[in-house]
There are 2 protein chains.
Amino acid sequence: MGTTQLESVPEPKYWHLKTVLSEALDHDFAVGEILPNERELAARFGVARATLRQALEQLELEGRLQRRRGVGTTVAPPRVGVAVGSARHSWPGESADGWEAVDAAEALPTAAVLKLLAAGSGSAASGSAASGSAVFAADQPVHTVRRTRVTEGQVVAAELLYVPAASVPGLSAIDAPAGPARARAVLRELQRLALDGQDRSVELGSARADDAKELDRLPGAPVLLVTTRYFTAGGTAAVSVATYRADTCRLTFGDEGVEITETRVAS
Amino acid sequence: MGTTQLESVPEPKYWHLKTVLSEALDHDFAVGEILPNERELAARFGVARATLRQALEQLELEGRLQRRRGVGTTVAPPRVGVAVGSARHSWPGESADGWEAVDAAEALPTAAVLKLLAAGSGSAASGSAASGSAVFAADQPVHTVRRTRVTEGQVVAAELLYVPAASVPGLSAIDAPAGPARARAVLRELQRLALDGQDRSVELGSARADDAKELDRLPGAPVLLVTTRYFTAGGTAAVSVATYRADTCRLTFGDEGVEITETRVAS
DNA sequence: AAGTGGTCTAGACCACCAA
DNA sequence: TGGTGGTCTAGACCACTTA
């Protein structure tokens, strides 16, 4: 290396490392190829392992690498595009779009879920008696449905759907035992209602322990949280929080059928 | 604390630490309040500073904390919801939605940008001669427009818009000097075209050095990359890549006027 | 059992900000 | 100038996978 220039604004080592590795990935490695292990890479670049790991972490965050404990670090395939906004206004489970019902249960809502349910729909007349007041109280049970989404043979998302018992009259009659069948039964009841509108938001989060397990990631792994609220004339009928693997997924919001095919390229 | 139970599956210290801190933030701190510095917190919890930092990093990723070098760590306000999908099918700059034109320039497209431009629209007849072939070549210049988006007094996003010279005939006639005026002129020319459709995707990334500077973050900070392609009858007329601060933003895709107001709650 | 990535430590120095 | 977070080191041990 020598001294090309004494950088006036010294770039952090891990940042420079990341750049070097990134270019090496473009030119000298194929998808799926295994990289040398961390100790050797660190030695090769003359840095401490922690510093090398800082660079690898960034590359993993960007979806360039995949690291698995006990196995090694491999070059990741390009992110898969998963359609999130294409089907306009439909209840969960209405179309066969890769989601699989896993289980259903009943529980009291957490404060966070209550908040989501309480906020009114913009299409409903605001200020009316329907919004706000204790339609969904903390002591009213909420049905929860777990689903997972599989794309190209890989679990890319885990979802938790919250349906207040008050939203759907027929819900209390469901007597299926816990399991996929019960989950599907809850969805069927929900689909009886007339859907008035929906509402989505995307933000960065870290995987809770249970979601991490479904996604085959470590707890705390970066995820994209997609929160959807389903509105009926009566207000917010259901809320779902879908946890997408941020390392492997690109969420697409194309209008019917349009799809971005690939992003990453060499050089 | 004592020994509640010798956990059979020992939770990592930083994970437990994160949980403890998270609850403390809910109960004992107000938004904007300054936390004790890292060395003191580490000592207080009896861990090394690096471990404490691992917990803080996660909390910052989740938008709970804000850390500034030379200043300290403060409790972050709830994420702001920024509308990304509400205005359906409109050119950039058509509505006053918080975006400010900053600058415009001309350059040769990178391979990644070319790839985005080359992929055809799904609404256009596929297989026609228009798609594919060298309409956008690597040696054809591309106009770039820089914009920033300000919400509640804070820069939340930096955007780079790519417009191939071939897309917009009137573009070469623009003679405004570099600066906001030139950027607005390019947008005006673009808006003359008939917009046929658009296409969005969201993924996790890390801030490039220039974007980081606009967003007042360090290079490598986690960001949400929103890629939009604008289609005309002729194919992809423009592509924009918007870089949103992942720590402070929640992207909303509500249908006209609907808006999630708040997410985080205490307890 | 050997090898991998994940966690953790106890230091050190540096870049940045405010008083 | 003092205090903050950001970077970096050279070790150690642990959890997990594969053979």
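These figures come from a predicted structure and were not determined experimentally. For the numbers below, each heavy atom of this structure counts, side chains included, while hydrogens, waters and symmetry mates do not. First the proteins, then the strands, lettered A, B, ... as listed; each starts at 1.
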What nucleotide, of C:dG5, C:dC17, D:dC8, holds the atom closest to the side chain of A:Glu38? C:dG5
So, for A:Arg200 and A:Val84, which heavy atoms are closest and what is the spacing to 0.1 Å? NH1-O, 3.1 Å
Here the distance between atom C1' of D:dG6 and atom CD of A:Glu57, to the nearest Å, is 15 Å
When you get a sec, tell me which of C:dC8, C:dG5, D:dT4 is the closest nucleotide to the side chain of B:Arg69? D:dT4
Does D:dT9 have OP1 or OP2 sitting under 4.0 Å from an N or O in the side chain of A:Thr51? yes
Looking at every heavy atom in both B:Gly63 and B:Ala76, which two are closest together, and how far apart are they? O-CB, 3.4 Å
Donor-acceptor pair present, B:Arg39 side chain and D:dG5 base, under 3.5 Å: yes
Rounded to the nearest angstrom, tell me the gap between atom CG in A:Leu41 and atom C1' in C:dG3. 15 Å
Taking the nucleotide of DNA chain D with the closest heavy atom to each, which residue, B:Glu60 or A:Gly70, is nearer the 5' end? B:Glu60
Is a salt bridge present between B:Arg79 and A:Glu203, judged by a nitrogen-to-oxygen distance below 4.0 Å? yes
What's the closest nucleotide to the side chain of A:Arg53 if the choices are D:dC8, D:dT17, C:dG6? C:dG6
Base, sugar-phosphate, or nothing: which does B:Arg68 touch, judged by heavy atoms less than 4.0 Å apart? sugar-phosphate
D:dC8, C:dC8, C:dG5: which one has an atom nearest the side-chain heavy atoms of B:Lys13? C:dC8
Within this structure, what is the CG-to-P distance between B:Asn37 and D:dG6, rounded to whole angstrom? 12 Å
Under-3.5 Å donor-acceptor pair between A:Arg49 side chain and C:dG6 base: yes
How many whole angstroms separate atom NZ of B:Lys18 from atom C1' of C:dT7? 16 Å
Starting at the 5' end of DNA chain D, which residue's closest nucleotide do you reach first, A:Val71 or A:Leu52? A:Leu52
Using whole Å, what does the distance between atom C1' of nucleotide D:dG5 and atom CG of B:Asp247 come to? 15 Å
Rounded to whole Å, how long is the line connecting atom OH of B:Tyr14 with atom P of C:dG5? 17 Å
Please report, rounded to the nearest Å, how far the P atom of D:dC14 is from the CD atom of B:Glu11. 18 Å
To the nearest angstrom, the CG-C1' distance between A:Leu17 and D:dT7 comes to 13 Å
Donor on one side chain, acceptor on other, A:Tyr14 and A:Arg53, under 3.5 Å: no
Side chains of A:Leu204 and B:Glu62: does their closest heavy-atom pair fall under 4.5 Å? no
Side-chain contact check for B:Gln54: nearest option of D:dC8, C:dC8, C:dG5 is C:dC8
At under 4.0 Å between heavy atoms, what does B:Leu218 touch on the DNA or RNA strands: base, sugar-phosphate, or nothing? sugar-phosphate
Side chain of A:Ala50 only, heavy atoms from C-beta on: which candidate in C:dC8, D:dC8, D:dT9 is closest? D:dT9
Does B:Arg67 have a side-chain nitrogen or oxygen under 4.0 Å from the phosphate oxygens OP1 or OP2 of D:dG6? yes
So do A:Gln66 and A:Thr73 actually touch side chain to side chain, heavy atoms under 4.5 Å? no
